[in-house]
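Written out below as structure tokens is the structure these notes cover.
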Amino acid sequence: MFFHKLLTSLFHQLNGERSVMAPYYILRGKKSGQTLQDIHYYKVAGFFGVGQDLSKESYNQYVQELIDLKWIHSKEKPIVTDEGKEQLDEFSTLFHRGVVPPALLSVEATLLLIAQLASNALYENNRYIPVIDNQTIQHRVKEWLYTQPSLSTVANEVKKTLHSFVTEELSTELEKNLFVYRITGYQTAGLTWTQLAEQFNTAAIDCLYVYRQSVLRFYGYLEQQRSPLVRLFEPPSPLTETAKNTQSLLQKGYSLEEVSMVRSLKLSTIEDHIIELASYTTGFNYQDYITEQDVMKIKKKQLQLNTHKLKLLREQLPQFSYFQIRLALALGGDLNE
């Protein structure tokens, strides 16, 4: 029931203030203004994009199962029940850590490819079909290999790193087994999720997300160890390309109105970009739009009311625009304990 608890924990974090589909967009990693704000406001950034392959049909099925289990009230009122809260008492996942994870599907694919490469290299075999056919990932691995002393050096480094990670960092037998049995190596094929589910008597969806949690832990392990392998993986960046374009113009001294005109976009859209930049850019200069004192006023009211609903906050703070309230929440998301 790992995935069911994971989904319940997401609903719990959202506090009944978002629609039943909000967790789906978060898991899928949808780069919309609303979703990017939500993961910051509700401190669920660690879940962002970890389920990019989750279909809407499957998601709706799992939501219905949560309702049948009486863990959430209904689709119209996706609030976690007392029974659901009991399930979360001892539930913890790395996805709760609150920072945007790397593109996990890309990390997962790269891990499988480099493990296969290393295994075959150790047996001096260069005749095999890559387990990952993604050309971008294959190219990145090849480019990285050109920077390394030799293939044998890489193979031994991968073997040592994987062995150390599994033995030192993974605590349960299920985590260890899923991580190892997914790997395709020399004359050995990695198991499918269906095969893993049957072998370890665990639902396939639970196998998938327990494994993904281990992949996230592996990425963190590489960073912690300062492993040369970490260069194989792209750093996380939740910013949309359109927000980056707006950022570029702002850095050149354009006002919001000028950016709106140059880009032929509504002012409200540019304001969305400001919220996005404030949420995910270190040291963002917000004082052209709101003072620090006013940010603190809005933060204080938000904590008093314990809500992120803009309408409620605006009713209590009519002197501020919706944009200023959203900006203050984006700047103060880390205070929402």
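Keep in mind that what you see is a predicted model, and the values were worked out from it rather than measured.
A heavy-atom distance below 4.5 Å is found between the side chains of T110 and V141. Contact of the F11 side chain with the V63 side chain is registered, since non-hydrogen atoms from C-beta on lie closer than 4.5 Å. Between H4 and E65, some side-chain heavy-atom pair lies under the 4.5 Å cut-off. Looking at T161 and Y221, their side chains come closer than 4.5 Å, going by heavy atoms from C-beta outward. No side-chain heavy atom of Y25 sits under 4.5 Å from any side-chain heavy atom of S32. M21 places none of its side-chain heavy atoms less than 4.5 Å from the side chain of K75. Taking 4.5 Å as the limit, some side-chain heavy atom of K299 sits within range of a side-chain heavy atom of V295. Inter-residue side-chain proximity for V80 and L66 is flagged as unmet; no heavy-atom pair is nearer than 4.5 Å.
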Would I114 and W144 count as a side chain to side chain contact (heavy atoms under 4.5 Å, CB included) here? Give the steps. CA-CA 11 Å; I114 196 69; W144 177 80; 4.1 Å; yes
Using the ring pair (Phe, Tyr, Trp, His ring centres under 6.0 Å) rule, take Y209 and F2 through it: C-alpha gap first, then chi angles, then the decisive distance, then the call. CA-CA 8 Å; Y209 281 86; F2 182 86; 7.6 Å; no
Would you check, one step at a time, whether the test side chain to side chain contact (heavy atoms under 4.5 Å, CB included) holds for I274 with L327? CA-CA 8 Å; I274 296 298; L327 181 55; 4.1 Å; yes
With side chain to side chain contact (heavy atoms under 4.5 Å, CB included) as the criterion, how do L117 and L151 come out once you've worked through the C-alpha distance, each side chain's angles and the decisive distance to 0.1 Å? CA-CA 9 Å; L117 182 150; L151 185 56; 3.4 Å; yes
Tell me, with the steps shown, if S321 and R326 meet side chain to side chain contact (heavy atoms under 4.5 Å, CB included). CA-CA 9 Å; S321 67; R326 292 170 62 208; over 6 Å; no
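One N or O on the side chain of Q195 and one on the backbone of T192 form a donor-acceptor pair closer than 3.5 Å. Formation of a donor-acceptor pair under 3.5 Å by the Q116 side chain with backbone atoms of V131 is found in this model. Remark: the backbone N or O of I132 is paired with a side-chain donor or acceptor of Q138 at under 3.5 angstrom. In this structure a side-chain-to-backbone donor-acceptor pair under 3.5 Å is present from R263 to T242. Side-chain atoms of Q316 never come within 3.5 Å of backbone atoms of K301 as a donor-acceptor pair (strictly under, hydrogens ignored). Under the 3.5 Å distance criterion, the side-chain polar atoms of T81 are left unmatched by any main-chain donor or acceptor of H73. Of the possible polar contacts, none joining the N125 side chain to the N120 backbone as a donor-acceptor pair under 3.5 Å is found. Distance alone, capped at 3.5 Å, places no donor-acceptor pair between the T246 side chain and the H273 backbone. Side-chain N or O atoms of E258 include one that pairs as donor or acceptor with a backbone N or O of S255 at under 3.5 Å. Counting only distance, with no hydrogens or angles, the side chain of T184 and the backbone of G190 share a donor-acceptor pair below 3.5 Å.
A salt bridge links E175 with R217; the closest basic N to acidic carboxylate O contact falls under 4.0 Å. Taking a cutoff of 4.0 Å between a charged side-chain nitrogen and a carboxylate oxygen, D53 and R212 qualify as a salt bridge.
For the 3.5 Å distance criterion, the side chains of E276 and T240 qualify, holding a donor opposite an acceptor. At a cut-off of 3.5 Å, with distance as the only test, no side-chain donor of R28 or T35 sits close to an acceptor on the other residue. Side-chain atoms of S106 and R140 form a donor-acceptor pair, as typed in the model, at a separation below 3.5 Å. There is a side-chain donor-acceptor pair under 3.5 Å between T307 and E17. Side chains of D294 and T291: a donor-acceptor N/O pair is present below 3.5 angstrom, by distance only. Looking only at atom types and distance, the side chain of S55 has a donor-acceptor partner in the side chain of S58 under 3.5 Å away.
The line from CG of L256 to CE of M261 is 13.5 Å long, rounded to the nearest 0.5 Å. Between H96 atom NE2 and L94 atom CG the span is 10.5 Å, to the nearest 0.5 Å. Atom NZ of residue K176 and atom OG1 of residue T167 lie 7.5 Å apart, to the nearest 0.5 angstrom. Remark: Y211 OH to T202 OG1 distance equals 16.0 Å, nearest 0.5 Å. In this structure, I325 CD1 and K309 NZ are separated by 15.0 Å, a value rounded to the nearest 0.5 Å. For the atom pair OH (Y62) and CG (L6), the distance works out to 12.0 Å, reported to the nearest 0.5 Å.
Annotation for Q287: atom CD counts as buried by contact number, over 12 foreign heavy atoms lying within 6.0 Å. Other residues, nucleotides and ligands contribute only 12 or fewer heavy atoms inside 6.0 Å of the OH atom of Y181. For Q304, the CD atom sits in a packed shell: over 12 heavy atoms of surrounding residues, nucleotides or ligands are nearer than 6.0 Å. In the displayed structure, E90 atom CD is contacted under 6.0 Å by at most 12 heavy atoms of other residues, nucleotides or ligands. At most 12 non-hydrogen atoms from other residues, nucleotides or ligands lie less than 6.0 angstrom from OH of Y254. Atom CD of E124 sits in a sparse spot, with 12 or fewer heavy atoms from other residues, nucleotides or ligands closer than 6.0 Å.
Note on ring orientation: taking the six-membered ring where Trp is involved, the planes of Y219 and F233 are perpendicular (angle over 60°, cut-offs 30° and 60°). Ring geometry for H308 versus Y42: interplanar angle of 30 to 60°, hence tilted. Classified by interplanar angle (parallel below 30°, tilted 30° to 60°, perpendicular above 60°), the ring pair Y186/Y123 is parallel. Using cut-offs of 30° and 60° on the angle between ring planes, the pair Y59 and Y24 is tilted. Note on ring orientation: taking the six-membered ring where Trp is involved, the planes of F165 and F218 are perpendicular (angle over 60°, cut-offs 30° and 60°).
Note that R314 lies outside the cation-pi zone of F320, set by a 6.0 Å cut-off to the ring centre and a 45° limit from the axis.
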